[in-house]
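Order of the sequence lines fixes the chain letters, A, B, ..., with proteins taken first and strands second; residue numbering starts at 1 for each chain.
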4 protein chains.
Amino acid sequence: MLAAAAELLDESGYGKLSIEGIAARSGVAKSTIYRWWRSKADLVMEAYTEVTARRVPGPDTGGVQEDLRVFLDTLYRVNANAGRARVLRGLMAEAQLDDGFRAAFQEWIQSRRTLMSTILMRGVERGELAEDLDVEYTVDSVFGPFWYRLLVGHAELDPADAPKHVAQLLRGAGYRAP
Amino acid sequence: MLAAAAELLDESGYGKLSIEGIAARSGVAKSTIYRWWRSKADLVMEAYTEVTARRVPGPDTGGVQEDLRVFLDTLYRVNANAGRARVLRGLMAEAQLDDGFRAAFQEWIQSRRTLMSTILMRGVERGELAEDLDVEYTVDSVFGPFWYRLLVGHAELDPADAPKHVAQLLRGAGYRAP
Amino acid sequence: MLAAAAELLDESGYGKLSIEGIAARSGVAKSTIYRWWRSKADLVMEAYTEVTARRVPGPDTGGVQEDLRVFLDTLYRVNANAGRARVLRGLMAEAQLDDGFRAAFQEWIQSRRTLMSTILMRGVERGELAEDLDVEYTVDSVFGPFWYRLLVGHAELDPADAPKHVAQLLRGAGYRAP
Amino acid sequence: MLAAAAELLDESGYGKLSIEGIAARSGVAKSTIYRWWRSKADLVMEAYTEVTARRVPGPDTGGVQEDLRVFLDTLYRVNANAGRARVLRGLMAEAQLDDGFRAAFQEWIQSRRTLMSTILMRGVERGELAEDLDVEYTVDSVFGPFWYRLLVGHAELDPADAPKHVAQLLRGAGYRAP
DNA sequence: CACTAATCGAGACGGTACGTCCAGTCTTATG
DNA sequence: CATAAGACTGGACGTACCGTCTCGATTAGTG
């Protein structure tokens with residue numbers, strides 16, 4: 001079923017996805033799908049994270065600068081994968097419309113944010129970043145532009161720009177090379 | 001009809017909004033709504049911007065710092081207005097699901113981004129900001145976190161934090177007091 | 001407008017005909033059509049009879065047999081004209097669905113029946129037909145099969161068969177050559 | 001659903017009948033109706049024939065005259081049943097407007113015509129009717145006037161007149177008592 | 001000759017019903 | 001016993017026309 005969902009997502013996007021369609025494609029009864037997932041979004045979320053979440057720990061290279069660069073590089077590569085980008089956009093959309101799904105989605109987002117804030121807090125501890133840094137806001141300064149461009153689609157984030165962005169972020173965060 | 005749409009939005013949110021519901025509430029025929037708007041999202045967008053778009057020009061106080069502060073302050077106040085926040089989230093969601101609406105939404109977003117980039121470019125011209133500043137990315141560093149928090153809902157942006165955020169942004173952008 | 005109606009009838013048949021379509025085609029406002037006709041059927045009826053009703057009096061050749069032959073021959077030729085046949089079918093259909101039109105249609109039908117009954121009554125007077133002939137039923141024995149085949153479409157009436165049918169009708173009506 | 005359709009037909013006639021109305025009356029969802037019938041006409045046809053088609057074989061009394069009399073008597077009694085008459089008229093109308101239904105309707109009509117032609121052919125075989133009789137036309141001479149009067153409504157067929165009509169038909173068909 | 005009517009085009013409007021899609025629930029039978 | 005198959009209620013979709021109803025913009029005929 002997850003496979004069928006993934007296929008259909010690739011073919012026509014989240015908006016056109018229907019439980020009935022997945023059932024038909026996977027040769028499974030609708031009721032069986034409902035037994036296992038509460039909604040389209042839950043299913044898709046699982047289909048997505050199954051592929052994705054190899055429980056990648058955030059990078060730990062010993063320096064904030066490099067940690068950030070690696071993280072952003074990885075993050076920006078998602079843009080390149082049209083299918084994955086479409087899925088993310090669909091999940092975010094669903095989270096706005098379905099309160100039930102919203103919580104699950106928030107949790108997932110939170111797990112991603114934690115990776116980032118761990119990196120930053122290590123930087124603070126090491127004295128690389130300002131002691132009074134607003135970590136939460138800085139985390140959102142990384143993910144915010146990413147999602148914003150993904151959702152609005154006015155421009156793409158190029159992995160090649162990651163170092164430049166890291167520099168700007170670090171300057172803002174009071175970076176001082178150790 | 002716009003009024004009816006606004007009411008219903010407030011009452012039950014974008015996800016529950018239906019053209020049929022608006023028609024019933026406003027005592028108007030469904031076909032009349034379809035005569036004037038191509039989709040639910042178009043209607044809501046108009047209902048929203050009618051209230052909002054007093055064609056506010058971006059602030060121009062003579063200095064980037066103050067311009068930014070005013071802008072962020074205004075922006076962050078949207079969060080406080082639960083109704084307006086809900087509408088924005090709904091519009092963003094729709095833009096992910098309906099390609100027809102996506103274009104209109106992008107245009108609107110672009111107009112908002114232009115306000116911000118005007119402010120920044122003035123700063124560059126005055127020599128307050130780095131000459132080689134990536135203006136587009138910096139614009140997205142303002143709107144990105146705003147939308148991200150709005151959509152995910154993990155935290156609220158407090159207008160009181162605007163000055164702090166401005167400072168961080170400016171540091172990142174190579175600010176030098178004139 | 002009548003011309004436009006006729007064109008559209010030919011193109012797509014009575015079922016697909018709409019007042020709005022006629023208005024668009026004829027470059028006339030819907031309201032103007034409603035000023036002149038009470039319904040689609042009224043309009044079509046006029047469009048039809050305008051072409052048709054050259055106030056043909058029934059034939060009067062001096063003998064029932066020849067009168068009937070001429071009449072049936074003319075009648076059967078309608079079948080050949082696909083457009084005209086389609087219109088007649090549409091009018092009959094409308095007469096079943098719209099009580100307002102029904103009356104007008106009945107009147108028109110009656111005028112056609114009168115032609116036929118005149119022919120038959122002349123035959124009775126001349127002693128060619130049985131004195132106690134049920135003229136009304138006999139009239140319907142002419143028009144009945146015509147409409148029946150027209151409406152059901154299981155077979156066509158060939159003008160070449162008219163003489164044979166006349167013979168059968170006359171035998172049934174107690175015909176005796178004068 | 002069939003019951004609801006029948007009720008509504010009786011109450012307001014075929015023209016006013018709507019699928020939505022039937023759904024409401026029968027407490028069934030519109031989609032359920034569409035699952036089982038492709039159109040209003042299909043449904044009504046079934047509602048009608050369910051009641052009617054007790055698979056009545058044509059009468060076989062041993063003589064054409066009596067067979068015909070029985071058949072016409074039964075046929076003419078339909079006129080008396082206002083509800084049934086209205087349904088028949090509606091079906092005929094629909095067959096003119098909807099090509100999809102037309103075929104189904106023709107088939108039903110054909111089955112009724114076959115009953116009649118069987119009777120006539122038996123008569124020919126027995127030598128009661130002219131050897132070269134145009135059976136098809138004669139069949140239409142029975143049903144034609146029936147439908148014609150039913151549809152136009154200018155007069156009713158009285159079962160009491162059946163014998164007279166049989167006599168006239170048989171004379172026309174070259175009847176010779178065996 | 002200006003002025004009133006009548007007449008028209010354009011098309012907005014409240015409505016009704018259409019036929020479709022899908023959600024989510026529930027029942028049956030099959031392996 | 002979980003499942004496939006799929007029937008069912010229900011809600012909304014977007015479309016097509018209906019018949020009614022203002023609106024000006026022509027025209028015509030009259031005073």
Side-chain angles (χ1 to χ4, degrees), chain A residues 1 8 12 15-43 94 97-98 100-101, chain B residues 1 8 12 15-24 26-43 97-98 100, chain C residues 1 8 12 15-43 97-98 100, chain D residues 1 8 12 15-24 26-43 97-98 100:
Chain A
M1 301 175 219
L8 289 169
S12 4
K16 304 273 176 201
L17 194 68
S18 73
I19 298 259
E20 229 148 52
I22 297 170
R25 170 71 65 105
S26 64
V28 137
K30 245 197 320 178
S31 41
T32 308
I33 294 181
Y34 278 105
R35 194 183 315 282
W36 297 102
W37 295 277
R38 266 186 315 150
S39 72
K40 182 168 70 164
D42 278 307
L43 199 172
E94 196 66 23
L97 303 174
D98 175 349
F101 174 64
Chain B
M1 301 175 221
L8 289 169
S12 4
K16 303 275 177 198
L17 193 67
S18 75
I19 297 262
E20 230 149 53
I22 298 171
S26 64
V28 136
K30 229 187 346 166
S31 44
T32 304
I33 295 181
Y34 279 105
R35 195 188 310 284
W36 297 104
W37 296 278
R38 267 184 316 145
S39 71
K40 185 168 68 164
D42 278 308
L43 198 172
L97 303 174
D98 175 350
Chain C
M1 302 174 219
L8 289 169
S12 3
K16 304 274 176 198
L17 194 67
S18 74
I19 297 262
E20 230 148 53
I22 297 171
R25 170 71 66 104
S26 64
V28 137
K30 245 196 321 177
S31 41
T32 307
I33 294 181
Y34 278 106
R35 197 186 313 282
W36 297 103
W37 295 277
R38 268 185 314 151
S39 74
K40 182 168 73 164
D42 277 309
L43 199 172
L97 302 173
D98 175 349
Chain D
M1 303 174 219
L8 289 168
S12 3
K16 304 275 176 197
L17 194 68
S18 75
I19 297 263
E20 231 147 52
I22 297 171
S26 64
V28 137
K30 225 182 359 160
S31 43
T32 305
I33 295 181
Y34 278 106
R35 193 189 309 285
W36 297 105
W37 295 277
R38 269 185 315 148
S39 72
K40 184 168 69 164
D42 276 309
L43 199 173
L97 302 174
D98 175 350

- Task: Specify the closest pair of heavy atoms between B:Ile22 and B:Ile33, including all atoms of both residues, with the distance to one decimal.
- Result: CG2-CD1, 3.9 Å
- Would you kindly give the CG-to-C1' distance between D:Asp98 and E:dA17, to the nearest whole Å? 16 Å
- Message: Would you compute the distance between atom OH of A:Tyr34 and atom CG of A:Asp42 and round it to the nearest 0.5 angstrom?
- Response: 11.5 Å
- Query: Counting any heavy atom closer than 4.0 Å, what does B:Trp37 reach on the DNA or RNA strands: base, sugar-phosphate only, or nothing?
  - Reply: nothing
- In short, C:Ala29 meets C:Ala23 closest at the heavy-atom pair C-CB, 4.3 Å
- Message: Reading DNA chain E from 5' onward, which residue's closest nucleotide shows up sooner: D:Lys16 or B:Trp36?
- Response: B:Trp36
- Message: Return the CD to NZ distance between A:Glu20 and A:Lys30, rounded to the nearest 0.5 Å.
- Response: 4.0 Å
- Item | Any residue of residues 22-34 of chain A with a heavy atom less than 4.0 Å from an atom of DNA chain F | A:Gly27, A:Val28, A:Ala29, A:Ser31, A:Thr32
- Message: Can you give me the closest heavy-atom contact between C:Leu8 and C:Arg25, atom names plus distance?
- Response: CD2-NH2, 3.3 Å
- Note on the structure: Closest to the 5' end of DNA chain E, once D:Ser18 and C:Met1 are matched to their nearest nucleotides, is C:Met1
- Check the distance between E:dG19's C1' and D:Glu20's CD and give it to me in whole angstrom. 10 Å
- In whole Å, what is the span from the CG atom of A:Leu17 to the C1' atom of E:dC21? 14 Å
- At a 4.0 Å cut-off to heavy atoms of chain B, the contacted part of DNA chain F spans F:dA12 to F:dT15
- Task: Please test C:Trp37 against C:Met1 for side-chain contact (heavy atoms from CB on, under 4.5 Å), starting from the C-alpha separation and ending with a verdict.
- Result: CA-CA 11 Å; C:Trp37 295 277; C:Met1 302 174 219; 3.5 Å; yes
- Message: For the CG atom of D:Leu43 and the CZ atom of D:Arg38, what is their distance to the nearest 0.5 Å?
- Response: 12.5 Å
- Query: Which comes earlier along DNA chain F counting from the 5' end, the contact point of D:Arg35 or that of C:Lys40, where each point is its nearest nucleotide?
  - Reply: D:Arg35
- Message: For A:Leu17 and A:Ser12: C-alpha separation, side-chain torsions, deciding distance, then whether side-chain contact (heavy atoms from CB on, under 4.5 Å) applies.
- Response: CA-CA 7 Å; A:Leu17 194 68; A:Ser12 4; over 6 Å; no
